[in-house]
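Below: one structure, written as structure tokens.
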Amino acid sequence: MSTEHADATESGESSGANEMNGATEADGPQGTGGGDGQHGTSGAGGQHGTGGAGAASDLDGEDLVLGYPTAPEPVIDGESIAAEPGAVTALVGPNGSGKSTLLKGLANQLAPEGGSVLLDGRDVHSMDTKALAKKLGLLSQESTSPDSITVEDLVYHGRYPHRGFFERTTAEDARAVERAIDLAGCGHLRDREVGSLSGGQKQLAWIAMVLAQDTDVLLLDEPTTFLDLHHQMEVMEIIETLRDESEVTVVVVLHDIEQAARLADRVVALKDGEIRARGPPEEIVTEDLLTDVFRVDAEVVDTDRGPRVTPLRARHEE
Amino acid sequence: MSGGESTTGGEGRTVGGGSPARRPAEGGRLGWLFDPRLVTVAAGSLVLVAVAGLVQVSFGAYSMTVGQAWRAVLDPAVLFDPRWFLNFLLGEELMRTVTGFQGELPQLARETLIVWNIRLPRVLVGVVVGMNLAVSGAIFQAVTRNELASPFILGVSSGAGLMILLTLVVFGSLSAFLPIIAALGGAVAFLIVYAIAWKNGTSPVRLVLAGVIVGTVFTSLQTGLFFFADDISVVQSAIQWTTGSLTGTDWEQVRMALPWTVVAVVLSLAGSRQLNLLLLGEQTAKSLGMSIERVRFALSGVAVLAAAASIAVAGIVSFVGLIVPHVVRNLVGSDYKRVIVGCLFVGPALMVGADVGARLGMSVLTGADSQIPVGIVTGLVGGPYFLYLMRRQQNMGDL
């Protein structure tokens, strides 16, 4: 918890250390992308990296005050959050705790009333929208598309920030789309119309679209909610692959705390717009946290797949 | 899932894999144009325009056979004489500047003169107006994400209509400038709508609501102005303008609308990728780095330009801009590159076809030698067709 906070306040110092981290980590898993090497590119994260090959991006929200114009009170009132570079950070919390709001703030979809969001040290609000979209991708909770668009065409839309106004698709675009479709495991759906897909298949197609954006930072808003078990697992595997084999910094909002514990390197728990706890899942996901944040009595058992959470009953006090 | 399972269960998921060899459709820069559905739509529409156009140039006060009319249209004395050709297309003055020709133009056959001077320009104005309205409607349907959007959804028709009535009823001396005034009125109304809808940015719903507000007020004022018209001919003229008519259109109108049409068409084709992205929703478009307000305003501006160009030459023709994009989407799918190109063909087909009814319908039905505004025919044709589409398809339009 304390180290996480240090990240947020002294980002300058910590990012140097992270670059070193990134470089050492990159050696092993990047090898799997070797088949792609003949086309002159490395893995997904590296080629658009800012500081040089293999450097993961860091995303810091500092003293964020976030709210909606229609509401008098801000939802998030002065919270700082740092996404660990190259790792997966999960935001968890009950309904209305402000997780999605916080994510929207980090994605520059919601202008902060106070504080700032820094992507590799630059304020995202002052960045050119396309330049930002090349570095930071967001998968929103509800996505709409025309029914008759094919999955492949949808994924190609992810290349929008990389193309000029009159530019046609390049070989680089095609490669990124292939990688994304491959990673999202929706190659068999490629020529299907989005309107004909199930909810889970649609989600894979949309994930492929944000992956095609080829960003250093990826923000996912409840990517597993409303999906059947199989597709929840598919989505989690995609995120695991990103975590293990690329330098992409992932922030994901999850409803299911057990999923969060299994997937994330760091968990940030919110309640009523306040960050109540942050740190590695094995430290954070405790019976006390579930009582405090989720208002349930639960049993937490450590297993080799991370903590297993068995909710017992809702608490009715207050 | 962590550890061993992810390697076996992940179906070889890797970050770097995949072969980049696909995308045959993007093979050539214009490969998408040869989509069989699009080609069929374009060819069918061209046939319709040709047939309707031939009917238009054949019949009238001076009747000729279809063969005669056909020969007159293809008369080499016009087609291969740049002086005559440019005389029609650019006007006499410009023709003389361009070609440097100062003498008398050579004589033309009587049929050729009638066809080229009087009947053909009307067909061409129909083509241009059809293109403009269809493209404009297609853009507005994407920008407002509303299937029932038409070129006139953001106040353009009400602004133009009010200015038409004001000019005809109150400022009669300005009626020579009516086309420009009407087009400007439409554009100003659009800006008012945008200003009303703006509050730290706009949204499709706010825009449409603002369009309704401005439309209601301006249409009331317009209707009110009819009471101050003291002459039946002024009222008739006003009705012609506000329902849309191609009666009496000439090369003058072709010259007036054509340059703006070219600009609007080129810009809307260039903007088709932005339109496609708008269909994915505001949030997605924004997260992909689109400056959404700028793009929305620019595209709306293009659509208003197209609508204003058609208003200037034909008045406010309803339904074409609403229905053609629907027809095209149903035929070629929702990709806006294809939708815009399809609109360029289907719009003229509907417009020129409807104008046959407007020009010749009354004389066939009643024997009276009078014409009705084409806007009435497009409404009569468009309404039932819309009904048919609605019945046939559950999720109409697919926006």
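Atom set for the values below is all heavy atoms of this structure, side chains included, hydrogens, waters and symmetry mates excluded.
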Bottom line for B:Asn200: the part with an atom under 4.5 Å from chain A's heavy atoms is neither
Between the side chain of A:Arg308 and the main-chain N/O of A:Asp302, is any donor-acceptor distance below 3.5 Å? no
### Message
For a quick check under 3.5 Å, do B:Tyr336 and B:Gln274 share a side-chain donor-acceptor pair by atom type?
### Response
no
Applying a strict 4.5 Å limit to non-hydrogen atoms, the region of A:Leu132 in contact with chain B is neither
Of B:Ala285, B:Gly271, B:Ala270, the largest count of non-hydrogen pairs under 4.5 angstrom with chain A goes to B:Ala270
Whatever's closer than 4.5 Å to a heavy atom in chain B on A:Leu136 counts as backbone
Those residues at least two apart in sequence (or on a different chain) that pass ring pair (Phe, Tyr, Trp, His ring centres under 6.0 Å) with A:Tyr68 are none
Applying salt bridge (Lys or Arg N to Asp or Glu O under 4.0 Å) to A:Asp221 and not counting sequence neighbours gives none
